[in-house]
Number of protein chains: 2
Amino acid sequence: MALSAALLAAAGDLTQRIHDGVSARGFTDLRPAHGFAFARLAPGGATVTDLAAHLGVTKQAASQLVDEIVRKGYAERRPHPEDARARLIVLTERGWTCTRAAEEAAAEVVGEWAGRLGEGEMRALRERLVRIAPHGPIRPVW
Amino acid sequence: MALSAALLAAAGDLTQRIHDGVSARGFTDLRPAHGFAFARLAPGGATVTDLAAHLGVTKQAASQLVDEIVRKGYAERRPHPEDARARLIVLTERGWTCTRAAEEAAAEVVGEWAGRLGEGEMRALRERLVRIAPHGPIRPVW
DNA sequence: TCATAAGGTCAAGCAGCTTGACTATATGGT
DNA sequence: ACCATATAGTCAAGCTGCTTGACCTTATGA
């Protein structure tokens, strides 16, 4: 199996299993794309335009996604403290709970891998992946 | 940066850059999903149902995808040699040329990573990824 | 031989994305 | 101070790729 194929297979598997884990914890109204949005919102909120750039979609699409997570109670729109044109999208308590659930689910998968590879191998794997990973916007695998 | 985030970022980057490389080689009418289909068709062809299971979509969706790549000249439907209900989808010469272009593009990206990590590190990375990669159907990252 | 399963396609509907148009606010040169 | 231009965001319409449901054909097995 080629490196590229193994990388794509592992990433797809990870996404699917995080999603399954989040669903199993009761958050059944979200898709994997929402998780990437939550990750961007978590530190201190973000604007719709920030989110759009991070997700690699138009700001209209990002705005629709925000509509959805606001409607479902995971985030809220606040006036932006420094720019009256903009709004700051921040996670609600429910949004934070869901984010923690996703982190738990990811840790479960990574933990299973660590059981197969061992801690030292996992550290080496992480270090190499970080060195080849880009810093720009997140991209879907296909 | 967490292992899971690095893995997803690297995989998304790889997909995007393979797609860009394939486009740059003249195949501008394909999307990343087609590459995963080609990979399944390449060895010796596959049925629509096989393809659907591999891509994780319904057989109707797989059939539509086959319609498209047949219409664009990358594959053709042949009668299945052992089952009169089924059809064997096989790559045309154009399909093979495109597959080689994708392999070249992937090799370019992997080569760039090798330049950063070194050959020994890359072998270790590949070996570890293979050990955590699943064998089931391919899954999109989101 | 006939009930049931499996491969494939046709048709309709829908979700998520795009482009285009628009309003409101910010920014910077004159 | 003013105005041209850029930026943040939303509304509306349309498209594409996927889904579900119905159906035909061929295979399988009791």
Checklist entry - For the ring-ring contact (aromatic ring centres under 6.0 Å, His included) test, which of A:Tyr74, A:Trp96, A:Phe27 pairs with A:Phe38? => result A:Tyr74

Check whether any side-chain N or O of [X] sits under 4.0 Å from OP1 or OP2 of [N], and answer yes or no.
X	N	result
B:Arg77	C:dT9	yes
A:Ser63	D:dT10	yes
A:Thr49	D:dG9	yes

What is the distance, rounded to the nearest whole Å, between atom [atom1] of [X] and atom [atom2] of [N]?
X	N	atom1	atom2	answer
B:His80	C:dT9	NE2	P	13 Å
A:Arg87	C:dA26	CZ	P	14 Å
A:Asp67	D:dT10	CG	P	7 Å
B:Phe36	D:dC18	CZ	P	13 Å
B:Arg71	D:dT16	CZ	C1'	12 Å
B:Lys72	D:dT16	NZ	P	10 Å

Check [Y] with [X], please: is the shortest side-chain N to carboxylate O separation under 4.0 Å?
X	Y	answer
B:Asp13	B:Arg17	yes
A:Arg100	A:Glu93	yes
A:Arg123	A:Glu127	no

Checklist entry - End-to-end bend of the helix from C:dT1-D:dA30 to C:dT30-D:dA1 (five-pair axes, 10° rounding)? => result 30°

Checklist entry - Along nucleotides 11-18 of chain C, 5' to 3', which nucleotides get a B, which get an S, and which get a -, given that the test is a protein heavy-atom distance under 4.0 Å? => result -----SBB

Next on the checklist: Base contacts versus sugar-phosphate-only contacts with protein, heavy atoms under 4.0 Å: please encode nucleotides 25-30 of chain D as B, S and - from 5' to 3'.
Outcome noted: -BS---

Checklist entry - Rounded to the nearest 0.5 Å, how far apart are CD1 of B:Ile89 and CG of B:Leu65? => result 10.5 Å

Checklist entry - Cluster question for you: counting only ILVMFWY and a side-chain heavy-atom cut-off of under 4.5 Å, with indirect links fine, are A:Ile132 and B:Val130 together? => result no

Next on the checklist: If the condition is side-chain contact (heavy atoms from CB on, under 4.5 Å), which residues does B:Asp20 pass it with, not counting sequence neighbours?
Outcome noted: B:Gln16

Item to check | Partners meeting side-chain contact (heavy atoms from CB on, under 4.5 Å) with A:Arg78 (sequence neighbours left out) | outcome: A:Glu76, A:Val90

Checklist entry - Looking at side-chain heavy atoms only, is the closest gap between B:Arg77 and B:Asp67 below 4.5 Å? => result yes

Checklist entry - Are the side chains of A:Val48 and A:Arg87 in touch, meaning some heavy atoms are under 4.5 Å apart? => result no

Item to check | side-chain hydrogen bond (donor to acceptor under 3.5 Å, both in side chains) contacts in which one or both residues fall within residues 40-51 of chain A, not counting sequence neighbours | outcome: A:Thr47-A:Asp50

